[in-house]
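Since the structure comes first, as structure tokens, the remarks are kept for the end.
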Amino acid sequence: MIIRLGYVAMSVELQNASPSQTMTFAQFSKIKDRDAAIRKLERIAESNLHNCLRLLKHNEANQIHFFRLSSRLIPLANHEELLDWNYMKPLIEPLKELADHIKKHPARIDFHPDHFVVLNSPDKEILKNSLRTLVMHKALLKGMEIDTEHRCVLHVGGGYDDKEKALELFIHNWAYISPSIQRMIMLENDDTTFTVKETLYLCEKLGIPMVFDYHHHLANHEDKNWQEDWGRVVETWQDSRLPIKMHISSPRSEREFRAHADFVDVEMFLRFLAQIKGTVPEIHCMIEAKQKDAALFQLSRDLQGKSGIKMLDQSSFLME
DNA sequence: GCCAGTCAAGTCCCG
DNA sequence: CGGGACTTGACTGGC
């Protein structure tokens, strides 16, 4: 079984390379010349994409081939007051640069739109805004010439005091979503509302790959035993061209259990791997730790020399 | 230079 | 029903 590690959005090693620089609407509104304000937004977005390229080069140099892009690349994209702004136009060139780099140095690259994207909302406006955000993600992927299939991880959404009804609402809304957007999506169990079993229910019914988050499962489950559902999780990836992926992180402390720790506990990770050994040929593990790429390097070092683990490169291992 | 507060977006919890 | 917490990183304003 091949294990590949990835990390999220930004580097703690690379200086001044934020892909999430921003401008708030309040700041935007303070600038009297609206065109000048929009040009400023565009410069920020271009700088964010430029930093993405630097991050991909950094990843390449360090043999990391799995990465989640920031979902805050374009400040105020999809804001109500800026719907007339064609934010993609000045980004064609920088996106092409990214496309060229990715073509030369293939890597699994995806997104995790943040929790304002809620597909099971009973409010039509919220659903509409969510879909607009997903359309933006699709345009970014297209610009980078990345196959859009299974590139956006989402949570199920709100519980609305009745989780069963909330799940049915997801199915109801799903029918209004275009097939190309549907195919971009993966669903993840969350740490407060929807458990592995509930997320699986949707994934199986709608043909969506499920991203298993082990930390979330420990924080939120009706049945702690995840092993009996693991086969079902694997099955949701049957029709995907991509290997199964999961999220891995450690609790910051017993008291702040849901918060993410700086690094990943290697012993916990190994215990997990031992239990899924042989169930899939390859698994991609997204490390969600405060120390970002430094946490990946740390885990990579910690894995070296463990029995049954063979290092293939900085971020890839073979488990025998 | 440091620290607290603010920010597009949504949901949940409390009073 | 209204307001604050939650959450994340970036950035601003006050000292």
Side-chain angles (χ1 to χ4, degrees), chain A residues 7-31 37-38 40-41 43-52 55 68-85 87 111-137 152-163 165-167 169-170 173 188-194 198 213 215-216 219-220 247 249 251-253 255-262 286-295:
Chain A
Y7 74 100
V8 174
M10 59 185 285
S11 166
V12 298
E13 309 235 320
L14 207 57
Q15 296 301 299
N16 301 314
S18 168
S20 313
Q21 297 164 101
T22 192
M23 170 156 53
T24 65
F25 186 66
Q27 290 169 264
F28 176 85
S29 305
K30 265 186 228 153
I31 302 170
I38 286 178
K40 192 165 177 189
L41 286 175
R43 279 199 302 275
I44 294 170
E46 285 170 55
S47 167
N48 284 340
L49 289 181
H50 174 70
N51 283 337
C52 284
L55 285 161
R68 176 195 302 165
L69 290 169
S70 164
S71 277
R72 300 178 183 191
L73 298 174
I74 311 172
L76 303 185
N78 305 318
H79 188 275
E80 271 212 340
E81 303 288 320
L82 281 151
L83 292 179
D84 60 321
W85 172 36
Y87 53 77
F111 282 114
H112 193 340
D114 52 15
H115 65 286
F116 306 112
V117 172
V118 181
L119 295 186
N120 77 334
S121 176
D123 183 330
K124 284 214 157 45
E125 275 306 304
I126 291 169
L127 178 60
K128 208 170 93 189
N129 290 341
S130 298
L131 292 175
R132 256 208 306 265
T133 302
L134 289 174
V135 166
M136 173 192 76
H137 282 83
C152 287
V153 193
L154 295 178
H155 296 288
V156 174
Y160 309 118
D161 270 339
D162 183 344
K163 286 205 278 179
K165 232 164 89 187
L167 288 168
L169 206 42
F170 189 101
N173 286 352
E188 173 194 357
N189 59 305
D190 69 74
D191 57 351
T192 55
T193 313
F194 293 102
E198 288 157 344
D213 189 309
H215 183 184
H216 287 171
N220 177 34
H247 292 167
S249 52
R252 185 179 296 166
S253 65
R255 236 166 47 99
E256 299 167 284
F257 192 84
R258 280 162 40 214
H260 290 196
D262 285 351
M286 181 55 76
I287 295 168
E288 295 183 328
K290 286 273 165 216
Q291 291 301 313
K292 311 289 180 190
D293 51 341

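It should be emphasised that the depicted structure is a prediction, and the values quoted were computed from it without experimental measurement.
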| said: Any base atoms under 4.0 Å from Arg132(A), or only sugar-phosphate, or nothing? Heavy atoms, all strands. | reply: nothing
| So, do His79(A) and Phe28(A) have ring centers that fall under 6.0 Å from each other? | no
| task | Please list, chain by chain and in numerical order, all residues satisfying side-chain contact (heavy atoms from CB on, under 4.5 Å) with Thr192(A), sequence neighbours excluded. | result | Asp190(A), Arg258(A)
| When you measure from the side chain of His115(A), which nucleotide among dA10(C), dT7(C), dT12(C) comes out closest? | dT7(C)
| Atom CG of Asn120(A) to atom P of dC12(B): distance rounded to whole Å? | 9 Å
| Of all the choices, dT8(C), dA9(B), dA10(C), which nucleotide is nearest to the side chain of Asp114(A) once you look at every atom? | dA9(B)
| Among the nucleotides dT12(C), dC6(C), dG10(B), which one has an atom lying closest to any side-chain atom of Arg258(A)? | dC6(C)
| In terms of side-chain heavy atoms of Gln27(A), which of dT8(C), dC11(C), dG10(B) is nearest? | dC11(C)
| query | Any stacking of Phe116(A) on dG10(B), going by centres under 5.5 angstrom and planes within less than 30 degrees? | reply | no
| What is the distance, rounded to the nearest whole Å, between atom CD1 of Ile44(A) and atom P of dA10(C)? | 13 Å
| task | Between dA4(B) and dA5(C), how far apart are the P atoms? Round to whole Å, please. | result | 15 Å
| task | Look at all strands and tell whether Ser121(A) reaches a base, only sugar-phosphate, or nothing, counting heavy atoms closer than 4.0 Å. | result | sugar-phosphate
| said: Return the pairing partner of dA9(B) with a 3.5 Å limit on both distances, Watson-Crick or G-U wobble; otherwise return none. | reply: none
| task | Report yes if some heavy atom in the side chain of Pro113(A) is under 4.5 Å from a heavy atom in the side chain of His137(A); otherwise report no. | result | yes
| With respect to the side chain of Tyr160(A), which nucleotide from dC11(C), dC7(B), dC12(B) is positioned closest? | dC12(B)
| said: Please give the distance between the P atoms of dT8(C) and dG1(B) as a whole number of Å. | reply: 28 Å
| remark: Closest of dT11(B), dT8(C), dA10(C) to the Thr22(A) side chain is dA10(C)
| Below 4.0 angstrom from OP1 or OP2 of dT12(C), is there any side-chain N or O of Lys30(A)? | no
| said: Rounded to whole Å, please give me the gap between NZ in Lys292(A) and P in dT8(C). | reply: 9 Å
| Phe111(A) to Ser70(A) - nearest heavy-atom pair and separation | CE2-O, 3.4 Å
| Which part of the nucleic acid does Ala166(A) contact within heavy-atom distance under 4.0 Å: base, sugar-phosphate only, or nothing? | nothing
| note | Sequence neighbours excluded, the answer for ring-ring contact (aromatic ring centres under 6.0 Å, His included) partners of Phe194(A) is none
| query | Base, sugar-phosphate alone, or nothing: which one does Lys128(A) contact when heavy atoms must sit under 4.0 Å apart? | reply | nothing
| Name the one of Gln291(A), Arg252(A), Lys292(A) that satisfies side-chain contact (heavy atoms from CB on, under 4.5 Å) with Asp262(A)? | Gln291(A)
| query | Just how far, in rounded Å, is P of dC12(B) from CG of Asp123(A)? | reply | 13 Å
| request: Could you check whether Gly157(A) gets within reach of a base, just the sugar-phosphate, or nothing at all, counting any heavy atom under 4.0 Å? | output: nothing
| message | Could you tell me how far apart Arg43(A) (CZ) and dA10(C) (C1') are, to the nearest whole angstrom? | response | 18 Å
| query | Only one of Glu188(A), His155(A), Met286(A) forms a side-chain contact (heavy atoms from CB on, under 4.5 Å) with Asp213(A), so which one is it? | reply | Glu188(A)
| query | Whole-Å distance between dT8(C) C1' and Asn48(A) CG? | reply | 15 Å
| request: Take the protein atom CZ of Arg68(A) and the nucleotide atom P of dG9(C), then report the distance between them rounded to whole Å. | output: 11 Å
| Taking the P atom of each, how far is dC13(B) from dT7(C), in whole Å? | 13 Å
| With both distances under 3.5 angstrom, what nucleotide forms a Watson-Crick or G-U wobble pair with dT8(C)? | none
| field | Rounded distance in Å - NE2 (His112(A)) to C1' (dT8(C)) | value | 12 Å
| task | Have a look at Ser130(A) and say if it touches a base, only the backbone sugar-phosphate, or nothing, with a 4.0 Å heavy-atom cut-off. | result | nothing
